[in-house]
Amino acid sequence: MKVSTLLNAAEMLSDDLSYLSSLVEDPDPEFLIKDAVVYSHAVACISNQLNFIVEELTQNDLSSDQEHVKLSEDEVFMLSSFADSTEESLYELEKVCGISLRNN
């Protein structure tokens, strides 16, 4: 997997996590957290995915040209699983709370 792809994913997840955190720290009347469980699940999924990328995958070897990170089959599966969980939780967040990270 390209290093730039992982870095971009980590940056996007970090931005998403910061945005959701800001809704608690400085609530926006337009985007109320109507269900704390749904909100917390979305935060946890984003955090888990970000931690996996930053703490686990950054320990992997790079290709000889330093442009790709070598991933095992299990890591590819885990990356996909984290991404799926995050997408599902963000869908629920939008459906239940009206908070869309892509539109807000």
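Here the structure is a predicted model, which means the values were calculated and not measured. Counting from 1, the numbers follow the sequence of the chain as shown.
- Between K70 and E75, the shortest heavy-atom contact is O-OE1, 4.0 Å.
- Taking the side chain as every heavy atom from C-beta outward, M1 and L79 approach each other to under 4.5 Å.
- The structure places CD1 of I99 at 8.5 Å from NZ of K34, a figure rounded to the nearest 0.5 Å.
- When the side chains of ILVMFWY residues are joined at heavy-atom separations under 4.5 Å, either directly or via intervening members, F52 and L7 end up in a single hydrophobic cluster.
- Distance alone, capped at 3.5 Å, is enough to place a donor-acceptor pair between the S89 side chain and the T86 backbone.
- Rounded to the nearest 0.5 Å, atoms OG (S85) and CG (L90) are 10.5 Å apart.
- In this structure a side-chain-to-backbone donor-acceptor pair under 3.5 Å is present from S40 to A36.
- No more than 12 heavy atoms of other residues, nucleotides or ligands lie within 6.0 Å of CG in D26, so this atom counts as exposed by the packing criterion.
- For S14 (side chain) and A10 (main-chain N/O), no donor-acceptor pair under 3.5 Å exists by modelled atom type.
- The shortest side-chain heavy-atom distance between L6 and V3 does not fall under the 4.5 Å cut-off.
- Here the straight-line distance linking atom CG of D15 with atom CG of L101 works out to 10.0 Å at 0.5 Å rounding.
- Atom CD of E11 and atom CD1 of I53 lie 12.0 Å apart (nearest 0.5 Å).
- Side-chain contact, S72 with D74: no donor N or O sits under 3.5 Å from an acceptor N or O.
- Proximity of a side-chain donor or acceptor of N48 to a complementary backbone N or O of A44 within less than 3.5 Å is detected.
- Counting all heavy atoms, side chain and backbone alike, L57 lies closest to V69 at O-CG1, 3.7 Å.
- Under the 4.5 Å side-chain contact rule for hydrophobic residues, V54 and Y19 share a cluster.
- Note that the NE2 atom of H68 and the CG atom of N60 stand 14.0 Å from one another [nearest 0.5 Å].
- No path of Ile, Leu, Val, Met, Phe, Trp and Tyr side chains, each step under 4.5 Å between heavy atoms, connects V96 with Y91, placing them in separate hydrophobic clusters.
- Once rounded to the nearest 0.5 Å, the distance linking CD of Q49 with CE of M12 reads 7.5 Å.
- Clustering ILVMFWY residues whenever any of their side-chain heavy atoms sit less than 4.5 angstrom apart, transitively, puts V38 in the very cluster that holds V24.
- Contact check for D35 versus C97: side-chain heavy atoms found under the 4.5 Å cut-off.
- Contact detail for Y39 and I33: the closest heavy-atom pair is CB-CG2, 3.5 Å.
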